[in-house]
Amino acid sequence: MRRGRVIFGAALIVISGMVVGIFAGRGAMPPSAPRATGPAFRGGGGAGRPAKAAAARPRRVDRSPAADRGSDPLRTLERMGECWRTDSCGASDADPRANHFEAVAVIKDSLNRLRSLKRSGVDSDFSGVAGKWLAFPDDHVREAALGLAREHKRSEEILRALLAGLRESLSAPLFAAALADLGAYQRMGYDREIAAFLVETLRSGPLKAGEAIAAGILPLLTEGNEALFAETAASLPGGSRARRDLESALEEFERLRSGG
Amino acid sequence: MRIGWTLGVVAACLASFSADSSAQVRSPPPDYWKCVNRVGGSWVFGRAPSACDASGFGDDKVVWSKYGPLVFGDARASATETPRYLEEMHAVIRDASAHYLRRRKPRASPIEVVVFRRAILALAHQESYWTHYRLASDQRLKMMRGDSGHGHGLMQIDDRFHFARILAGEAWDLTGNLAYALDIYYAEWERAGRASCVARVDDYETRARAAYSAYNGGPAQLCRWTDPNHKWARNDEGFLQKFRGQTWGARIADLKKPAAFDVACELDGGSNCLSPGGGAVAAAPYRAFLDEREVGVCVDTASGAECVGEARDLACLPIAAVKALRFDLGADRALDGASFRRIDRHEMCARPALGILPVGAWVRARTDINLRATAGGGRLGVVQTGEAAQVLDFEARADESLTRHYRVRTEAGRIGWVFAGGVETQARYVEEAPPRPAGLIPLSRARIVAPNGINVRRTPAGEEIGWVPNDAVAEVVGVVARGANNEIYLRIAARDGVEGFIYSGRASPELTMPLWVKSEDGP
């Protein structure tokens, strides 16, 4: 309190240009369709930034976030990414998180609008946009980006972006929701990468994220990864929820295999 | 039997029956949302302004039984109450931060653990003056609400950004509040180790400052602390002062005092955590290690130790003194080789004297009852008078009236916990109702949906004596639940000469019944 409060805390991915470089502008788009471009996210103090970059005087954008809601969502996303980074989204000075709040609300809205556009049949490829925003350090944005990604054909690029985003995520509900996507990718042959990611999160990820995985892992258990998850369960603290639920899922898997 | 085919089915089925899987936010809540009977406070430890009734987010009884010593009493003399409270809260934050770091980073150096712990103590000081629960002058239990009511509790979890989790009671629960903040601060702590404004990864004080800037201002503000002219520089200065000053230390008599509850166990979601409880102790329960994998909770009786899997079932133990028990699990004890009797919770809690309804039963609400995310936790909605629901789980408290909660699934598919009174008062809240077609646990007819059919067993989990194929319809003559995960076995009538039990999924933590059977119960 005292102006302090929890801001959405997922950590920033500092791998410069990691997603947007891969995705920007991919796919054929008609002239009238929004074009997917934009810079990668480089939050305060990220690798490669000048030490005092955060101290630079912010450049104010000339439009309020509210006004942005009605404009081209891709341009809005680009603008909001920049003003978020430079603390210049024109938000009120009454709260240290106001800039983040404002930016996230507009970014989410823009991603949801792209999702609606895609659903309505617009023949544009926004998968690069989805991948880029999965890297944004905010789980509300990641959730909207995942929603947009789901409107596209699954691809290795999207999987990489999803795994990278989840590695920085703190949201148990997002993990729970993403398990269905990971299951789909697993069936496409990415079993090893996905199992490694899940094990890593169970062992040393955010505690609630590990619990969400353990509670929902049953659909991702296979004969090929069963032993790995059994070993992982044994390494978790005795009596912990994650261990109980993972062991329980393994038992249920065994029952499913043997007919109950 | 191969399992590959089931994956898609499992995913689809579980997705349709899982609850609360969305992280969505709605319109930001207004200032002082759900703030009833607001009181002020002062800028001192334990009493930072403002505070509103805690009951808006969870059951006061849970707070008193779980966190009693962590409630600041406004009416008590501050000269004694403040140091007492500080000592209790220090122990909790100290243990939580150290355990958290060990879980996330097992190879953290001792110095990193020490500095991280100090950073979390300073963060809680900066955010709320270590204020969470208070018994205010109006004699109501309060939870601290800062920044126009948007900041919830010790770590000031913001309802404009964490609405769904606040609604589910995570910020109301002291451990949940801390855990949420630890997740966020740790993420920034790790990022700070790679930030350009932090010269060395082992410059922990600088990492603590950077992590605070991001915690306070958002992920883009990791290096805000380097700018003395920044509009929020005073926050960074305030944190640094507290981090370096550690003013709490001089007011705490025993910095090594054990926490009032088992903090590590609670953070890990343990089912047998130590808790302060209350009341006379007639037979002290203890946590026992039954074998390599299993930990149970036991009491000594004339015929030897009697054990249950989870502390939540202690209230069902069939001993005369059950009403005088408290959840103060004494010392750990190994029971390898010693005589003990392990009792299944469903068998033990089914004793008629307790009146606890079994898993699978249908109930009808006799009054409007809050639907909660956990037993006594965050409120998700209301089960309306007359609404029917199927029981998926139960919990009884070792209090005077053996109050109980049921986890239910309503006909409309909502899942949550409802309070159902005590032994004498249950009928005011719920009554048994006839089976409805919408149940997940069939009570009269079950269609087998497990693609490879289900084995028939002589007893639940017992000898295999037959098999029913996929798509067959079985007549159900009974339902038996077993174990901590509420594994469901349907007793089926003779079919081709075979009569026995079929496994039909579990009701916890995820509902897997739809993978096995589909109810065809008629109205």
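All values derive from a computational prediction rather than experimental measurement. Chain letters run A, B, ... following the sequence lines, proteins first and then strands; every chain starts at 1.
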Inset, instruction - Supply the atom-to-atom distance A/R257 CZ to B/N452 CG, rounded to the nearest 0.5 angstrom. - result: 12.5 Å
Inset, instruction - Output, in order, the C-alpha distance, side-chain angles, deciding distance and verdict of salt bridge (charged side-chain N to carboxylate O under 4.0 Å, His left out) for B/E487 and A/R255. - result: CA-CA 11 Å; B/E487 291 142 13; A/R255 284 198 190 97; 3.5 Å; yes
Legend entry - Polar side-chain atom of B/R165 near backbone of A/P173 as donor-acceptor pair, under 3.5 Å: no
Which donor-acceptor pairs under 3.5 Å do the side chains of residues 204-213 of chain A make with protein atoms, sequence neighbours left out?
from, atom 1, to, atom 2, distance (Å)
A/S204, OG, A/E200, O, 3.3

Inset, instruction - Apply side chain to side chain contact (heavy atoms under 4.5 Å, CB included) to the pair B/W516 and A/E252, showing each step before the final yes or no. - result: CA-CA 11 Å; B/W516 298 88; A/E252 189 76 350; 3.1 Å; yes
Legend entry - A/S248 backbone acceptor or donor facing B/R506 side chain under 3.5 Å: yes
Inset, instruction - Measure the spacing between NE2 of B/H162 and CG of A/D139 and express it to the nearest 0.5 Å. - result: 9.5 Å
Legend entry - Side-chain touch A/L218/B/L515, heavy atoms, less than 4.5 angstrom: yes
Legend entry - ring-ring contact (aromatic ring centres under 6.0 Å, His included) involving A/F175 - partner list, sequence neighbours excluded: none
Legend entry - Residue B/W225 versus chain A: region with a heavy atom under 4.5 Å: neither
Legend entry - Working for side chain to side chain contact (heavy atoms under 4.5 Å, CB included), residues A/D138 and B/F161: CA-CA 10 Å; A/D138 184 290; B/F161 235 63; 3.0 Å; yes
Legend entry - Over all atoms of both residues, closest heavy-atom pair of B/N455 and A/S258: ND2-O, 2.7 Å
Legend entry - B/E464, part contacting chain A, at a heavy-atom distance under 4.5 Å: neither
Legend entry - B/W232 CH2 to A/N99 CG distance, which is reported to the nearest 0.5 Å: 12.0 Å
Inset, instruction - Select one option (side chain, backbone, both, neither) describing which atoms of B/F239 are under 4.5 Å from chain A's heavy atoms. - result: neither
Inset, instruction - Among the options A/A184, A/A172, A/A249, A/A144, pick out the one with the most heavy-atom pairs lying under 4.5 Å from chain B. - result: A/A249
Legend entry - Shortest non-hydrogen contact between A/R97 and B/D158, atoms and distance: NE-OD2, 4.4 Å
Legend entry - Heavy-atom pair of closest approach, residues A/H100 and B/P219: CE1-CD, 3.4 Å
Legend entry - Validation row: B/P509, A/R241 side chains within 4.5 angstrom (heavy atoms): no
